[in-house]
Structures are given as structure tokens and as C-alpha cells.
There are 4 protein chains.
Amino acid sequence: MSHNSFGHLFRFTTWGESHGPAIGCIVDGTPPGISLSEADIQPWLDRRRPGQSRFVTQRREPDQVRILSGVFEGQTTGTPISLFIENEDQRSKDYGEIKDKFRPGHADYTYWAKYGLRDYRGGGRSSARETASRVAAGAVARKVIEKVTGKPAEIRGALIQIGSQTIDRGRWDWAEVDRNPFFSPDAAMIQPWSDLLDGLRKAGSSTGAIVEVVASGLPAGLGAPLYGKLDADLASAMMSINAVKGVEIGAGFAAEPRTGEANADEMRMGNDGVTFASNNAGGILGGISSGQDIVVRFAVKPTSSILTPRHTVNTSGEDTEISTKGRHDPCVGIRAVPVGEAMMAIVLADHLLRHRAQCG
Amino acid sequence: MSHNSFGHLFRFTTWGESHGPAIGCIVDGTPPGISLSEADIQPWLDRRRPGQSRFVTQRREPDQVRILSGVFEGQTTGTPISLFIENEDQRSKDYGEIKDKFRPGHADYTYWAKYGLRDYRGGGRSSARETASRVAAGAVARKVIEKVTGKPAEIRGALIQIGSQTIDRGRWDWAEVDRNPFFSPDAAMIQPWSDLLDGLRKAGSSTGAIVEVVASGLPAGLGAPLYGKLDADLASAMMSINAVKGVEIGAGFAAEPRTGEANADEMRMGNDGVTFASNNAGGILGGISSGQDIVVRFAVKPTSSILTPRHTVNTSGEDTEISTKGRHDPCVGIRAVPVGEAMMAIVLADHLLRHRAQCG
Amino acid sequence: MSHNSFGHLFRFTTWGESHGPAIGCIVDGTPPGISLSEADIQPWLDRRRPGQSRFVTQRREPDQVRILSGVFEGQTTGTPISLFIENEDQRSKDYGEIKDKFRPGHADYTYWAKYGLRDYRGGGRSSARETASRVAAGAVARKVIEKVTGKPAEIRGALIQIGSQTIDRGRWDWAEVDRNPFFSPDAAMIQPWSDLLDGLRKAGSSTGAIVEVVASGLPAGLGAPLYGKLDADLASAMMSINAVKGVEIGAGFAAEPRTGEANADEMRMGNDGVTFASNNAGGILGGISSGQDIVVRFAVKPTSSILTPRHTVNTSGEDTEISTKGRHDPCVGIRAVPVGEAMMAIVLADHLLRHRAQCG
Amino acid sequence: MSHNSFGHLFRFTTWGESHGPAIGCIVDGTPPGISLSEADIQPWLDRRRPGQSRFVTQRREPDQVRILSGVFEGQTTGTPISLFIENEDQRSKDYGEIKDKFRPGHADYTYWAKYGLRDYRGGGRSSARETASRVAAGAVARKVIEKVTGKPAEIRGALIQIGSQTIDRGRWDWAEVDRNPFFSPDAAMIQPWSDLLDGLRKAGSSTGAIVEVVASGLPAGLGAPLYGKLDADLASAMMSINAVKGVEIGAGFAAEPRTGEANADEMRMGNDGVTFASNNAGGILGGISSGQDIVVRFAVKPTSSILTPRHTVNTSGEDTEISTKGRHDPCVGIRAVPVGEAMMAIVLADHLLRHRAQCG
């Protein structure tokens, strides 16, 4: 058991705070003989990197990853892989306000209540900066999936809603996702989302988003009932991402009002085995993958760092007000897309190894 | 690591299939010196027991629990508690159809794909019958919470939606929950839900439900960032329950379209410490409890066992049809209420011990 | 994490006390499709069963095992296997003395110090009766090894020393082990050991023993450096057996005074791969199996239940004396042989699955 | 589960190879509010540091530790502590011989058999260089013990035998341990051990050693039966150290030939509670600490790196010979003393937290 590890056979352990000298993780359990270099990891970090558009935080971090162990002559050795990312832009500003006041919606109060002290610089350990480690580990997970299944992992995320503006699924285009700063699969949403976020940013306000992550081409049989169910592990993985407040699989909450007839995915034999007439189950039945696309969706709450003054209390137990200045994402949900993809990859890599262990 | 265990310091491991001789679990990590007898557990099992109204399965199971170890002279000894429940009503019917055909929406196909064989009798291991063990373990968890916090755990669940019929939160009455067969907190929903389910039952159809579970009176500080976050563990706990497809904390998905100002829960000093103006966070910030009510909600899909014939395939790889006869819940979400409560209690008991370990 | 579980991918969790209604365990992680019935387990339990000679405790327990889950139509399903053994001969004698006094050398005092209370009947949870569960789980482990390696596991234990009387390794005969009540591989030791133990038994005294367990035919590559080393896991496994105070691998303590030249096992190519000129390493290098015989040895202290009165204290904090009457093994090391074999099998089954997970 | 982690609630995860850019570890589970700086860790690393006498390897490593996370304003925050040690003296020599040949007694062959490839530079992951991370983590563990028990941990190791030359326990002097290069508690052994090792070093040979580690002043009640027994965890901890082949607790193997009367430690009431007339149990009964000194002893085999040519095979499957040149310890057991102390501290810190979790 470790509070800072995730996964079982493919497992990573992260460390580091927003304003410490560096962050990083140890990736353990990787099969040997996988070609791996920084160049396999860096592109995924670059997708998550701050400062790439006006819609995300302007903190400047190159997020250059270094592999410090576990790789020899370009190949994984089966020993732990230490990934290391320096923090460069820890702006040495005055933290006076945050230092003593608890920002509503943030983890300031709860860390203080739990530990009796906290690293207040940029949120310390609770900062979304830690998610860079997840993305780096996720890049290794993709290589593991490719090694075990014999083909590259197709794990793709997209933003499907900002505020109350939802994409039109009829216009879904995966190629579009990489062409816009929102990871939107619907080109028509770029303008309205830009307008929405420009307005929020100017007002010092924020809003939430919904992210969808889809894994394609994975075999049936992944998932370990009853308490290592694939959907339970995905729920845990996504809920552990900063600011996530809801997770659903396949049709999710929308399945609830339906009848059993409408919701059950009918089966037929196809040329390559069983096919399904629909995918309300999101590719998971009884906690085990069915071979269909694995579909998970999660809601990211509006950024809690806002300019509007809010009532709060301070560490001395006095009523006060706070407004959060500084570099913040008006919609943290955007940069959650590569994080969600990484967590999906990590869960799947882990379950591929777990399945191989038990079932050969 | 165990696929059939849940929790870390308070931990239970379940075993058993729907139509085997018995089911049960081992509860490990219970502090010593807690008074415990079957009478502490049985009432919770009775709440979940089938056959108590016409709206749930008519399988007749007394679900009498026996404590086989870990209790001496009425007190827990700190050693593992073995809980044992006999299966009595394993109707020896013909399983011919289910034996060879995969029921859409069920785990039949995925178990078969994973393991190459399956216990088809009543769903085998994937049957919701296993949840009796969770409820039994949950009863022990409640005693642990009481021991550690010094007061009884107030963990209560309710059904807030069946199909598309939602309760009116303005009429919420916890006392009502135990007076109707739906665990409804809104007396006005009993008639419409009865009508809805009678209709579905006669049609051999089914629908889903949404369950809300609330834990009150727990201290701030529970939860272990970053990968033992309280909300992540709750998400995993609830998603592991049969037929659950979505989980949310506090405002959940409804928080997404809001602005940061609207969503962040403002704080003020009260007589007994910090108070919050609202509870959109569901009592959890940064993965750690804030001392507010802990609120989790989950969506249960419509029962997949329906009379209407559906397309499917069989174990020989041929197209066929199936309709599921037998004793089934038209809305499995109803009996999920005590199961959700139990999982909440288990997560909280575990985190109380984890917090005590690290923070004293 | 569980205090009452052992293993990771092949994992068992035990429950039960010496004088409760039953004992048992859950075996988790077993691959599917292994033929398994009570008849595969019972012979191993019979080897450990008390009352089979005058040299072991006269408690009468048939130790009939029942499989309550995880097996369907004679095959493992991949779900948890619940093994159940009733306690039949819980002699309802007066526990007056043991109840209030701490027996020197026993766990009475430490359980009481840890938990504040204890089940004093026959040692409660600390009784060697629990080892029946280990032997049952070990029988399943043997089946797993056979499934994964394609041949039956050859895991054999023997008693090599009682008191200060050691076998002559030149007379080692595995066939002899099953022909005498001591599991001695040296027929010449039967008479002197019988004499020794008859004398000790009459005197109400006891002595210790050394057990050696050898696993043959396992592949190279088992063991997970650095903290899942095969030898570290074996050390933990054997040290967890009641009354064990020392564990060694291969030459063990005898390797220490040697020179590096004398101790390193030289290698040569043989017809079927690498061969070793000696096996001082006990088949493990760097925590990983080499393909040689895996050899572990452990020392069992003399039984602490003796007739000679000893100084002790009672639960009221007063000085007193105690002599232990009742049914006891004059040399508990004898019945530790099948337990050591079982723990070896369990460690190896676990590591076979762990190796398969990471390395395919 | 992680192959490169040790401990449960106090847990560390190591990474790094002998000749990579750095090594290090993440220490997780540390209680908050403990004062901690590099100065608390460095002295323990300095004790283990190579090159401090002619009896150990001449590799020059300053072993300067850096704390990269988990400490804020001089206090632990409860979040993971990343400890980082650069490798400086990775001599860029020719590894030609070791690259293709398997050194007898080393992990070369087994790593290659397991993983299909290996980092041959200085033993890669199997190098004793990794133990620096253990010592660093052990220093943190000492702080945790002090925090939880309210007094500094008294955990001390000593070398009690080199080759076949054993100390005289009558001359045991803890103060002497820090005054000689052997960690000998017996000043009279310094000359004979120096002579012995000088001879071995000149001959390019080596020998083994026995280390004893004693922890004093710990409370009764530590240890989690049955599979988290304190002695089982200590056995695993010590056996995981490079070159260790045997572990014993208290009287260990020497207890075996005794009678029960001679071996059981009698109890009497003292002024501060229970006292024992002897400590054959090594402070552990039934896997739980008794409050006496906790005593563990382990045998380190002779260094396998020797000048005398030995038969071996190469990666092409051919017979060949090898003699190991380079910087090696003629007796690796010497530097195992601080490593054994560290592992003792880590096990105890973990069990203090585990005990606090369950028993308050």
C-alpha cells in the first residue's frame, strides 16, 4: 500500500510539489526489452505543457523529462524507471495571501486539517503540476501496451463540453483534436469555446469541462472481478485527477432512465468474432473488457482560482476574504485531456499484465 | 494485491457464487475490543434481503450471517473475522439457455472471454448475490467507525430516481426512507414508482435508478492524496457494485457548467470551527474530507435480465436469441441502496485507520 | 495490505482460531481451468494431521477440507477458492491456568500487550492449528505450478535434525521420508530420534528441529528484485511459521566462513543449458532462481508447552508459576515439514505468476 | 504490489543502477511535522560510504543526499519524500569481460535468464550500490520512530564474525563499534580481522561475515500476525540485502537443540512492568514484540568478485573462465552493518504505524 502509487503490476509512484526543485515518478513493473527513450515520452508531455494557448495557465515550464534508470542501451531492463522533470518557473512571488488564507474550492483547508501544516506555494502537492508525472508514466504505459498486444495503443481523449456548450457528436473527427487548443473533436466548437473562455478569462472567472477518453483495439478479458474491475479502476484513476467530480462508463448516467431492452448491447457473430450492435456498456461488462471501445467520461469542475473575492477563513480561525491572482487556467478541464489519456493507458497496461499473470 | 479484496487497513475479501453452498467474507484489520455479534450485522443484511416486496427478486434467502472467527467473548480480538452466509434457495432449475448463450448486458460473455469457462448458474461470481458479503462487512465497518470516532456512524442511503422519475429534494425526509420499499426519502414518489415498476414487471422489462449515500459527522482530514484520495476510493467502491455505470461526488456533473464563483463553497468560522455556505464539493477537497457531509451518487443501469428476446450469440459462436426468465429485480437499483451504504462505511473505516496511522 | 494474507498474485488469506467452530482460507488468483477437488488437497492435510504417531499432539482432528467456491464442474474458474475445515476436537477443558497466566515462550503475553485481550483457548489465533490452512492453500499452489510449468511441482521437505542429532546426508533417501513418523530422509535416525522424543515426552519436556525443503525442476528467472526477491519471500514465508527462529538459503550460515572461491558455484554448459558444479547458492542468485534446486532450511525452537513449572506473571501483574498440561507436540518441528513444503509451493506459485506477468 | 518497494505504511521505493547517473528513493507515509533535513540523513550515509578504509571498495562516492520533495520549511509535510544521490565515480572502464560472461556467485546469469538482457555495468541494478538508498530511507525511519515513540530510536548494528573469527561477547562494547573500520564491538578483534582481510585482499580472495542488529526501547505489541509478523518482516528485510544467505532471531539456530525449559524466557514483574530472565526469543513472540531488545542476525556470504579464475559460461552459451578485477570489498559484510540497521529501522517504523492504525 502506498498513498502515492497507482496500479499494481504496472505501477507508478509520484513525488514532488508545484514549487519544489523538481517533480517525477518511478515506473515499476515494465516488461524488459521495450525500446524506450525520452523521445517516446516528451511528445505527450508537450501536449499537456502549460502556456501553449491563451486558454491555459501562462506558467512557462519546458517539462523536459529525463530517464534516470531502468533503461540500458535503449531498452527497458525490467527494473524501475525513474522519470525526472525539473521545475523551472517557480515564480518567487509573494505568497502572503495564500499562505494564511484557505482558498474556497481548493485543498488548502483540508491539507491543513489533515497534516497540521502545508506547503502553500502554488498548492504544493495538490497542484495539478503533479499530473506531468502521470503523463510521463502514461507514455511508458503506451509502450507496454504495444509490447503486450503487439500493436500501438489507440488511446485518445477529447473535450466534449465546456461550460454548458457541448459538441455535436455527428461532427466528431479525431484528426481535429490535435488541430485546436481545446482538444475538441468538433471544429465548430472552437469559436464558441474561444469566445466563452475569453470572456471568463477577462472576468477572472472560470468554468468546467467534460473529457471523454476512448481506448480502441484492446482485447476482451481485461479486468479483475470483483475489486479490480476495469471500470472501478478507471473510476478511481479519473477521480484522482485534480478537480474531477464525476466519472461514467459508456452511456453512464444516461443509461439509467432507459429500459433493459434499450440499454443492453445485442451481439452478433462477425467475421472476427463477436460484434455488438451498440456500446452502451462502454466496452466493460461485469468489470471485464468486451473487446469494444472502452469509453470513460469525466467532469472537471470550474477552476477554483478566481478573481472575484470570496468569503473564507484563515489559519488563525478568522473570517476574511480572498481573490486568487496569478497564472491560472480559466478551464483546467482542457489540460486534463492528456492526463485522462495517460491514466487510461496506465490502467490498461496494468490490467494487461494482471490478465497475463492469471490467464497466460 | 488481491482481486477479491477491498480496502487497505480495514479490508475485506469476499468469496462465493450465486449458486454455490455459501458465500462470505473475511474482514481484516478490525481494531480489538469492539463488541460485535451477529445481531450487529443481521439488520443490515435484512435491509438488502431479497423477496421483501414485489419490486425486487423473489428469491428466498434468509441471509443468516454467522461469525466464525475473530470475536471472543463478544469482543473483536483484532484477528480476521470470518462471516459466513449459506445459500439456501439455489433453485435447481434448468440452466439450459443461460448455459450456452450470452445474455446481453450481463457478464456472461466477458467472463467466458477472460477465463475460458464460467459458472453460469445464476451469474456465478458476477451475481449481485455477492453484495450480501459487502453489506455484512459494512456492518463491521460501522462498528469500527464508532470505535474510532467515539460516536455511531451516520451513513445513510436513499433512492433519488427510478427511470426518469426524480424525487423532490424539498421533500427529503430521512425517516421516510425506512418506511417504503424503495428507500425513497420522498413519500410522494412511492405511488408513481410503484406504478412504474408494476408496469415494467408485467412487461418483463426493467429500468435504472440513482442512489445517493451521505455520511455525516466524520472529521476533516480523511483521504490520502494522491492515489488514495477519499473520492477516488469512493468512486472505485461504488463502481465496483454490480450494474453501476456512473459515480459523482457532491454537485458532480452538475458542477461542470458553473462558474468558479458559483461552485466554490465559501467558508466562515462557526461556533465549532469552520462552516461552509454550501456543499458543492460533497465534503471532499483535494481528496481529503472537509468535515462536511460526504455525498456520493451513483447510477445503476436497468436490469439486463428481461423477457423481451434479444439478439445474442452462443458459446459455439452462432447467432441466436435469448430472453431471461426467472426471478429478477425489475430495478436492481433499489437493493443497491444498502450496498452503497456499506461501501461508504468500508471506505470511511479504512480511511479512519489510515489517517490514524499517519497522523496519530 | 492485509495482515492475514500471504502472496501477491497467488495469494491466500486465512482465518480462524484453535478452538473456534472452524478454520479456513481464501485462495485468490488461481488461474482458471485447473482440475481441482477436495481429493487434491486432502492428502497433504493428512500428512500434517495431528495424532498420527506418539511423537505429535494427540488432538484428534479429521481435518476434512471442503471447497466452498471457485470451482465449477471440477475446474477452477479463476474466482476465489474458499477452503473450509471444521474444528472437531475443541476439548471443552478448563482453561483456568492459561486464561490468566502468560506461558513463557508463547504468544500469550504479546497478544495481550498488543490487543488488550486475547482468545486464550488453545492459543487462539497463535495456535499452530492455523497451519492446516497453509497446507490446504499449498495443495492448490502445487496445482498452479503444474499448470504454469507443465509438470508436477517437485517440492519435498524433510527433517534433518532433532535436538542435536543430525542426519547423515550420505544416507539421504527421499523415499524414506514418507515411511517414518519423522519425515526423516535417513532411516538410521528413526531409532535415536524415537528414543530422544520418548524421553522428552515422558519428562514433559521438548526440543527443536531443523527442516529442509527442496524444490526441483523450476525454471530460472523466478524472483522479483529487489524487494520481491525469491529468497526474501521464502525467508518471510518460513519465518511466519509458528516457532521458527532462523531461515537460511543454500549453504546459508555455513557459507560465511568460506572464501569466495570456495563458495561461488562454477558454471558449465550442459546438454540442456547451464549446469552448476555445486549449489551453495541454494538455487537463488540476486534474488532470482537459477534453475538449480531451490533449497531452504529453517530452525524450529523447542515446544514452549512443557510440564516443568516456569516463572511467569499473570494478567493481574503478579508473579506466579505455570506448567502446561494438555496435548502437545514434544517436537513441533516434525509437523512443520508439510507446512514448510506448502509455504515453498505458495511462494513459487506466486512468483511463477509474477514472472509471467512481467516477462511473458 | 511493487517489486521495488518495501514496507506498507512507512514505505520506500528505490530506483537506480550502479553506473547510471544517480540513484534514489521515494519515502512514503512519513507522518507530518517531523523536522528533517539532509543533515539528518547524511551521517548514516557516511557510515556506509565506500573508500573509508582499505578493507572496503575503493570506489569514491561522496554520496551526498538531496531532499527533493516532502519537506517544507524544515518539516515533513506528509507527502512523499524524494531522496536523490548522484553517482559520481562510474569509472568508464572497459566492461568487456563482465559484459559477456556470467560471474559465478553474482546475479549476472539470473538477471539475464529472467529479463533476456541486463545492465552489466558494475552489476547494474543488482549492485550493492542500491543499499545507499536503504540507508537514506532508514535515516528517515529513525525520525519517524522518534516521533511516534517520543524518544530517539536506539538501533545499533555490529559485526560479530568475519570468516571463522568470532567476537567474544563478554567484551561487547557498543562505543567501540564506531571506533574501528569493522563495526566490531570487540576491540580485540581489530588486529586479527585486519590481518585476515589484508591477506585475503592481497590474494584477491574474500570471505563472509555475520552482522547483528539490536533495537532497544521499543514497546511491546509491534507485529501483525500472521503474515505481517515482525520477525517475518525482519527476515524478509535482511534477506533482501545483497549477499545475505541466512537470518535468525534471538537465539536463532542455537535454540533448536535446547529443551523447552532452557529456551523459554521466564517472566517476572519489575518496577516498569514485565521483565524477562533471558532473551532467547530475540524480543519477538508469536510475531509480536515483547518489549525486550529486538535481536536479528544475518550471514553475508563471501564477496563473489575474486581474482582467482573460475569456470563459467558466456552469453553465447560457451564454456569460459573469468576472474573479476576492479574495486571490490574483500568482505562485503562490513558495509552491510549500516544497511542492516537501516532495514531494522524501516521495519520498526512501518510496524509502529501499523500498530497505531489498528490499536490506536
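Reminder, nothing fancy here: chain letters follow the sequence lines and each chain counts from 1.
Around CZ of C/R356, the count of heavy atoms belonging to other residues, nucleotides or ligands within 6.0 Å exceeds 12.
Using a 4.5 Å cut-off between heavy atoms, B/R125 contacts chain C through its side chain alone, with no backbone atom that close. At a 4.5 Å heavy-atom cutoff, the contact between B/F84 and chain C is made by side-chain atoms alone. Only the side chain of B/D28 comes within contact range of chain C, judged by heavy atoms closer than 4.5 Å.
The side-chain hydrogen bond (donor to acceptor under 3.5 Å, both in side chains) search around B/S240 returns B/R134, not counting sequence neighbours.
By a heavy-atom distance cut of under 4.5 Å, B/L68, B/S69, B/G70, B/F72, B/E73, B/Q75, B/T76, B/T77, B/G78, B/T79, B/P80, B/S82 are the residues of residues 68-83 of chain B near chain C, going up by number.
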